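Not measured: the values here are computed from a predicted model.
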Amino acid sequence: MTVEQPTEESVEAPARDWFKSAVVYQIYPRSFADSSGDGIGDLRGIISKLDYLQRLGVDVVWLSPIYTSPQDDNGYDISDYRDVDPLFGTLEDLQELTDGLHARGMKLVMDLVVNHTSDEHPWFVESRSSKDNPKRDWYWWRPPREVAGDGGGVQGAAPNNWGSVFSGPAWEFDQATGEYYLHIFSRKQPDLNWENPEVRAAVYEMMNWWLDRGVDGFRMDVINFISKDTALPDGPIAAGMLYGDGSPFFIGGPRIHEFLQEMHREVFADRPGPLLTVGEMPGVTVDQAVLFTDPERAEVDMVFQFEHVALDQEDGNKWRPKKLKLTDLKHSLGRWQTGLAERGWNSLYWGNHDQARAVSRFGNDGQYRELSAKMLAGILHLHRGTPYVYQGEELGMTNMTFGAISDYRDIEVLNHHREATTHLGHTDAEVLAALAPLNRDNARTPVQWDASRHAGFTTGSPWIAVNPNANHINAAAQVDDPDSVYSFYRQVIALRHSEPVVSHGDFTMLLPRDEHVYAFVRSLPDTQLLVLGNFSGQDQEVALDGADVPVAWGSAVLILGNYPAEPSVPRLHLRPWELKVFRAGR
Ligand code: TEU
């Protein structure tokens with residue numbers, strides 16, 4: 001008798017796939033927990049909550065930037081990649097956090113922000129110092145465009161018509177050397193020139209430095225923006241906009257795959273792992289995502305894409321919100337499921353630090369807040385992909401009602417308000433109403449730990465207001481309550497760990513034309529899950545057509561739900577915002 005030896009492939013496969021059964025928790029440090037009393041969250045605050053995270057059951061913590069930074073964009077503008085900003089603590093605190101996570105079986109993923117640096121980074125300070133500085137070419141410097149009559153070198157003569165993501169032009173004129181530099185985000189976030197091999201080498205060296213210190217990977221900020229069309233052509237100007245859209249010339253640019261493959265070779269290939277690489281990629285298509293995440297191509301483990309969080313806006317403009325159609329959401333998420341079914345991997349999320357709060361946006365943050373928060377958790381986490389929990393989502397935290405523009409802190413909001421009221425002719429009231437539902441500060445109010453002053457977030461004065469609903473929505477009220485949103489997240493996370501069909505099963509969308517019920521099947525040869533979610537405040541009968549459903553659901557077991565079991569309710573009847581998960585098979 002011959003015994004089949006396991007091939008190298010089959011031995012390695014489970015380790016390589018570890019992230020398919022993992023759940024990521026995102027911490028936005030400024031708003032998580034403040035230990036020092038200065039009103040801004042910090043690393044020691046996070047260290048004090050490690051048991052809370054372990055109890056939730058998450059596998060990976062993704063830390064938004066804690067590096068030295070002028071904080072123009074809350075740390076996404078980095079002036080020293082190898083140090084911790086004193087606002088957040090020290091390198092020693094970070095080591096203690098890393099060790100504390102590892103001791104509890106969790107991994108630490110850092111934010112890698114290398115499309116741009118801060119304008120206060122020494123690289124840029126040197127680059128702007130003179131046209132012949134050796135680092136001049138590390139950024140995108142261009143002479144003024146000759147505009148008839150103006151002689152160049154003045155506002156309006158920018159090298160092209162691109163607008164910045166944060167309003168205004170994407171070019172800033174530098175008096176000292178008489179040229180413009182490119183900044184896709186704020187003027188304090190100049191774009192690095194990845195065409196220059198020295199830039200790439202410097203970035204890889206920094207990444208290796210962090211991995212050598214024990215971090216477990218990177219979430220790569222707008223990583224599909226790093227390769228640009230070097231001709232930097234003008235972009236189309238949409239109706240009602242002041243500037244051109246440059247994104248066709250910097251999203252998924254000509255050398256993007258080459259750069260990511262090089263990064264993989266220089267940083268990840270020879271490390272034993274397991275490490276995690278996540279490419280944050282606004283505007284990435286399904287077909288591109290397959291290429292980015294096909295393991296054979298060695299680029300990144302998964303993408304983090306934005307299609308489903310643009311469906312409740314006119315023309316993808318977050319300041320023009322519209323009602324979400326459930327059929328659009330199912331169509332989009334379903335397309336990503338199908339597109340990555342054979343090769344590649346996706347992140348699953350409802351919210352992060354750039355998005356509105358999940359329960360306010362996709363659920364109901366009034367009467368059905370707890371039910372809908374749980375239903376959303378179940379629907380998301382039972383898709384194929386790696387789920388992300390954004391801090392406070394596990395408590396069912398809601399959007400914030402801000403009053404005046406002075407209550408906001410986000411540069412994106414403040415710049416937009418200024419531009420819309422001064423150049424676009426909108427009133428203050430119009431702008432405030434339009435930005436309320438989807439602005440980023442909704443997700444940046446402090447985590448609500450308890451019902452005490454400032455929600456237990458700080459003993460000082462918080463940098464942004466605490467949501468007044470902290471008096472009843474908070475962690476202290478939930479961690480020991482088996483019926484809380486937090487406890488429900490624990491269950492859903494545990495299910496991914498215990499059920500291979502959750503991490504590895506195929507996905508089939510059901511009822512694509514139903515505007516109220518979200519329904520799908522996950523399947524492995526020996527197990528199937530039927531997942532049903534009611535996205536409405538009305539009762540719904542689920543009209544499953546026998547042809548859609550591959551197994552006999554009559555005998556399947558209800559393994560998860562957000563209502564108490566009630567035998568008199570028919571199996572395929574859903575109460576408001578109800579979630580039901582049935583399991584058939586071994
Ligand atoms: O965001 C990338 C991005 O393109 C958007 O999500 C964008 O910032 C914004 O929400 C547009 O409305 C990443 C970071 O997550 C974000 O916090 C940073 O501001 C941005 O990059 C620049 O580093």
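- Residues Thr293 and Val290 are not in side-chain contact: their nearest non-hydrogen atoms beyond the backbone lie 4.5 Å or more apart.
- The closest donor-acceptor contact from the side chain of Asp93 to the backbone of Leu91 lies at 3.5 Å or more, if one exists at all.
- Within the 3.5 Å criterion, the main-chain N or O of Val267 finds a donor-acceptor partner in the side chain of Arg271.
- Asp301 and Trp345 share no side-chain donor-acceptor pair at under 3.5 Å.
- Here the straight-line distance linking atom CG of Leu380 with atom CG of Leu333 works out to 8.0 Å at 0.5 Å rounding.
- Of the candidates Glu266, Glu195, Glu262, Arg200 forms a salt bridge (Lys or Arg N to Asp or Glu O under 4.0 Å) with just one, namely Glu262.
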Report task. Let me see the working for Asp245 and Trp162 under side-chain hydrogen bond (donor to acceptor under 3.5 Å, both in side chains), right down to the final yes or no. Result -> CA-CA 6 Å; Asp245 173 12; Trp162 298 359; over 6 Å; no
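- Atoms CG and CG, from Leu94 and Leu63 in turn, are 7.0 Å apart once rounded to the nearest 0.5 Å.
- Between Trp140 and Phe249, the gap from one ring centroid to the other reaches at least 6.0 Å.
- Note that CG of Asn317 is 5.5 Å distant from CE of Met241, once rounded to the nearest 0.5 Å.
- Between the side chain of Asp441 and the backbone N or O of Arg409, at least one donor-acceptor pair lies under 3.5 Å.
- Using a distance-only test at 3.5 Å, with no hydrogens or angles considered, no donor-acceptor pair links the side chain of Thr177 to the main chain of Lys131.
- Residues Arg361 and Gln355 bring a donor and an acceptor atom of their side chains to less than 3.5 Å of each other.
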**Report entry** Test log, rule side chain to side chain contact (heavy atoms under 4.5 Å, CB included), inputs Met220 and Val114
**Finding:** CA-CA 8 Å; Met220 305 175 180; Val114 291; over 6 Å; no
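- Counting heavy atoms from C-beta outward, Arg440 and Val413 have side chains that stay 4.5 Å or more apart.
- Here the shortest heavy-atom pairing between Val278 and Ser347 reads CG1-OG, 3.9 Å.
- Put simply, the side chain of Gln288 gets close to the backbone of Thr285: a donor and an acceptor are under 3.5 Å apart.
- Under the 4.5 Å side-chain criterion, counting only non-hydrogen atoms from C-beta, Val23 is not in contact with Val60.
- Side-chain polar atoms of Ser35 and Asp42 form a donor-acceptor pair below 3.5 angstrom.
- The distance between the ring centers of His416 and Trp319 falls below 6.0 angstrom.
- Taking the six-membered ring where tryptophan is involved, the planes of His353 and Tyr76 are essentially parallel, since the angle between them stays under 30° and well short of 60°.
- Side-chain atoms of Asp77 and His121 include no donor-acceptor pair closer than 3.5 Å.
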Query raised in the report: Given the rule in the side-chain hydrogen bond (donor to acceptor under 3.5 Å, both in side chains) test, do Lys228 and Asn115 qualify, once you have shown the distances and angles that lead to the verdict?
Result: CA-CA 11 Å; Lys228 293 152 175 75; Asn115 172 68; 2.9 Å; yes
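- The closest side-chain heavy-atom distance from Glu299 to His264 is not below 4.5 Å.
- Remark: side-chain polar atoms of Glu393 are paired, donor with acceptor, to backbone N or O of Tyr390 under 3.5 angstrom.
- You'll find the ring centres of Tyr181 and Tyr139 outside the 6.0 Å limit.
- Checking Asn193 against Asp137 by side-chain atom types alone, a donor-acceptor pair falls below 3.5 Å.
- Nearest heavy-atom pair across Val431 and Ala420 is CG2-CB, 3.7 Å.
- Taking the six-membered ring wherever Trp is involved, the centroid distance between the rings of Tyr408 and His417 does not fall below 6.0 Å.
- With contacts defined as side-chain heavy-atom distances shorter than 4.5 Å, the pair Met206/Leu112 qualifies.
- Figure legend: cation-pi geometry between Lys107 and Trp18, with NZ or CZ positioned under 6.0 Å from the six-membered ring centre and within 45° of its axis.
- Residue Trp141 comes nearest to Arg136 through the heavy atom pair CD1-O, 3.0 Å, listed as atom of the first residue, atom of the second, then distance.
- Within the 4.5 Å cutoff, side-chain heavy atoms of Leu97 are placed close to those of Leu50.
- With no hydrogens or angles considered, no side-chain donor-acceptor pair links Gln26 and Arg219 at under 3.5 Å.
- Scanning all heavy atoms of the two residues, the minimum distance from Ile237 to Tyr243 falls at CG2-O, 3.7 Å.
- The ring-ring contact (aromatic ring centres under 6.0 Å, His included) search around Tyr349 returns Phe304, His308, not counting sequence neighbours.
- Side-chain atoms of Ser186 and Asp73 form no donor-acceptor pair, as typed in the model, at a separation below 3.5 Å.
- The pair Glu412-Lys318 meets the salt-bridge criterion, since a charged nitrogen lies less than 4.0 angstrom from a carboxylate oxygen.
- Exactly one residue among Ile66, Asp85, Thr90 makes a side-chain contact (heavy atoms from CB on, under 4.5 Å) with Leu43. That residue is Ile66.
- A side-chain contact (heavy atoms from CB on, under 4.5 Å) with Leu108 is found for exactly one of Thr98, Ile27, Leu276, namely Thr98.
- Nearest heavy-atom pair, Leu329 versus Leu311, reported as atom, atom and distance to 0.1 Å: CA-CD1, 3.6 Å.
- Aromatic rings of Phe292 and His257 (six-membered ring for Trp) have centroids within the 6.0 Å cut-off, being under it.
- Looking only at distances, no side-chain donor or acceptor of Ser127 sits under 3.5 Å from a matching main-chain atom of Trp123.
- For the pair Phe88/Arg30, a side-chain contact is recorded, criterion being any heavy-atom separation below 4.5 Å from C-beta on.
- In this model, no donor atom of one side chain and acceptor atom of the other lie less than 3.5 Å apart for Gln391 and Ser31.
- When all heavy atoms of Pro29 and Pro65 are compared, the closest pair comes out as CG-O, 4.3 Å.
- Under the 3.5 Å distance criterion, the side-chain polar atoms of Asp294 are left unmatched by any main-chain donor or acceptor of Gly344.
- The aromatic rings of Trp171 and Tyr180 sit perpendicular, their planes meeting at an angle over 60°, well past the 30° parallel limit.
- Of the residues listed (Tyr204, Tyr67, Phe218), the one engaging Trp210 in a ring pair (Phe, Tyr, Trp, His ring centres under 6.0 Å) is Tyr67, and it is the only one.
- Taking the side chain as every heavy atom from C-beta outward, His381 and Leu348 never approach each other to under 4.5 Å.
- Of the possible polar contacts, none joining the Asn415 side chain to the Gly168 backbone as a donor-acceptor pair under 3.5 Å is found.
- Using a distance-only test at 3.5 Å, with no hydrogens or angles considered, a donor-acceptor pair links the side chain of Ser79 to the main chain of Thr68.
- Aromatic ring centres of Trp209 and Tyr81: separated by at least 6.0 Å.
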